[in-house]
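Note sheet for the following structure.
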Amino acid sequence: MRSTTMAYHVGWLIDGTGKPAVENRVVAVNDGRIQEILDPENPQLEGMAVIDWSDCTVFPALIDSHVHLVMSGTVEPTFRRKQLNSGYTDRREIIAKHLRQHLDSGVLAVRDGGDHNGDTLRYKWDPANHPPSMVTIASAGRARHALGRYGKLIAIPVGEGEVLANSAFGADSKRDHLKLVNSGLNSLTQYGVETPPQFNENELATAVAAARRRGQPTMVHANGRLPVKQAVDAGCASIEHGFFMGRDNLCRMADKGVVWVPTAVTMKAYGDFLKTQGHRSDTSFAEVSLKNLEHQLEQIAMARQLGVTLAVGTDAGSPGVHHGQSLKAELQLFVAAGFSVEGAIRSASRNGALLMGLTERGKIVAGMRADFMAVKASPEHVPDALHQIVHRVIEGRVMDLATAF
């Protein structure tokens, strides 16, 4: 090996493929890439300085596949109204703060689900952001929703008499993916309520095809059986949320390779908040949120068994869902639903990387970009230790938070 190679002796390695963690390995890094994974006794290591992280578990840098960077997870109504009514200058600072929070939690890429003003997309291309954040942003710009339906915070409506596909590509030309809203919110007051689709099958299929021609995958907000079925049949890349979509849709998604981003932590956050703070109308609403969560965990378990590809996303920016730290809770929920820690990490690394088109990221194997994190915990406790990351390697360089921004 060349003298420029850096080697890290790690106690345990979770490589992002979903395979069981392996003990006592050396990760060799050269020119920003993983060069090789070696046994500590390998003669190639003779005479080389090896950094001792033998008390750590190392895993790929994480990806949050569903965030809203312009919004914080605060539950304080006045503050939420203030940040939603602020201008780009203030939102620019908010976005930067949230990116720091993601990096602090081991997240090195985020997939944004849109905002009404398109400020996250503007931030991504803003030349004033120099040096740029270490956290990669994929942005939808402004999503699209049907006139008079849910979606104002994250989207703009399709005009009366306007075709969805024409609306979607009239602006936001620098977006990374198209975001469509095809249902309402998941109800927090009535268990299992399903809302009708916002668009018809032809509208969705035409918009998805137009996005594909431009190299843009389509993420679709959809809860309930019919809104999800339409989006899957239209050829979308991912279903966001997917509450109460049912087994038949999960089978369709497995067959068609549609990724599911379940954002289960939203229901946990809502339920915890309502349980402790109460509700202005009915304290039983906390029970509805927690029942929603239980059903979503059942769907996650079913999806794993059926072979659906899942990516971890938190919907960070929703009330009670804080940027960065909520990914820890979502990983814990995946494990509670039957995923191994290694499988959950794959959903939060390699699967998210592929969903974002980051093909050289998300795995600690030879040839991949060298992005990995280390915690002083055994593999089974990695999700619980995400708030205590002790080492970060980004593009082959050891970073601390002070140098990463």
With Asn186, the side chain to side chain contact (heavy atoms under 4.5 Å, CB included) member among Asn292, Val193, Thr263, Val288: Asn292

Side-chain heavy atoms of [X] within contact of [Y], under 4.5 Å:
X      : Y      : result
Glu395 : Arg369 : yes
Gln325 : Val107 : no
Asp119 : Ile94  : no
Phe169 : Arg213 : no
Asp233 : Lys256 : yes
Asp39  : Asn24  : no
Met219 : Leu355 : no
Leu306 : Arg247 : yes

Step-by-step side chain to side chain contact (heavy atoms under 4.5 Å, CB included) determination, Leu250 to Met245: CA-CA 8 Å; Leu250 290 171; Met245 64 178 165; 3.2 Å; yes

Nearest 0.5 Å, what's the [atom1]-[atom2] distance between [X] and [Y]?
X      : Y      : atom1 : atom2 : answer
Gln216 : Leu178 : CD    : CG    : 6.5 Å
Gln198 : Ser183 : CD    : OG    : 7.0 Å
Ile154 : Lys179 : CD1   : NZ    : 3.5 Å
Glu380 : Glu342 : CD    : CD    : 9.0 Å
Leu297 : His295 : CG    : NE2   : 10.5 Å
Met368 : Arg361 : CE    : CZ    : 9.5 Å

N/O donor-acceptor pair under 3.5 Å between [X] side chain and [Y] backbone:
X      : Y      : result
Arg392 : Leu103 : yes
Asn42  : Leu38  : no
Asn182 : Phe199 : yes
Ser347 : Leu310 : yes
Trp12  : Arg25  : no
Asp64  : Leu327 : no
Gln299 : Gly242 : yes
Gln35  : Ala28  : no
Gln388 : Lys376 : no
Lys124 : Ile137 : yes

Shortest non-hydrogen contact from [X] toward [Y]:
X      : Y      : result
Leu108 : Met134 : CD1-O, 3.5 Å
Leu45  : Ala7   : CD2-CB, 4.4 Å
Val26  : Pro40  : CG2-CA, 3.9 Å
Pro383 : Val341 : CD-CG1, 3.8 Å
Ala61  : Ser349 : O-CB, 3.8 Å
Ala377 : Ala385 : CB-CB, 3.9 Å

Any side-chain donor paired with an acceptor under 3.5 Å for [X] and [Y]?
X      : Y      : result
Ser238 : Glu240 : yes
Thr74  : Glu76  : no
Asn129 : Arg92  : yes
Asp126 : Tyr88  : yes
Asp384 : Gln332 : yes
Asn351 : Thr309 : no
Ser139 : Asp112 : no

Ring-ring centroid check Phe244 Tyr191, cutoff 6.0 Å: yes

Check: His221 ring centre within less than 6.0 Å of His145 ring centre: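 His221 vs His145: aromatic centres not under 6.0 Å.
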
Any residue meeting side chain to side chain donor-acceptor pair (under 3.5 Å) with Arg225, in chain and number order, not counting sequence neighbours: Glu194

Candidate pair Arg100 and Asp104, rule salt bridge (Lys or Arg N to Asp or Glu O under 4.0 Å), full reasoning: CA-CA 6 Å; Arg100 289 192 293 269; Asp104 190 43; over 6 Å; no

Hey, is [atom1] on [X] packed in by over 12 heavy atoms from elsewhere, all under 6.0 Å?
X      : atom1 : answer
Arg214 : CZ    : yes
Glu360 : CD    : no
Lys328 : NZ    : yes

Criterion salt bridge (Lys or Arg N to Asp or Glu O under 4.0 Å) on Arg144 and Glu203, from CA distance to verdict: CA-CA 12 Å; Arg144 294 301 189 275; Glu203 289 173 317; over 6 Å; no

Val393 vs Val398, side chain to side chain contact (heavy atoms under 4.5 Å, CB included): CA-CA, chis, key distance, verdict: CA-CA 4 Å; Val393 173; Val398 178; 4.1 Å; yes

Trace of the side chain to side chain contact (heavy atoms under 4.5 Å, CB included) decision for His381 with Val375: CA-CA 9 Å; His381 294 124; Val375 294; over 6 Å; no

Set of ring-ring contact (aromatic ring centres under 6.0 Å, His included) partners for His102, sequence neighbours left out: His323

Parallel, tilted or perpendicular, as decided by the 30° and 60° cut-offs, for the rings of Phe243 and His241: parallel

Aromatic plane relationship, Phe334 with Phe339 - under 30° parallel, 30 to 60° tilted, over 60° perpendicular: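 The arrangement is tilted - the two ring planes meet at 30° to 60°.
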
Derivation of the side chain to side chain contact (heavy atoms under 4.5 Å, CB included) call for Phe79 and Ser72: CA-CA 9 Å; Phe79 187 83; Ser72 77; 3.6 Å; yes

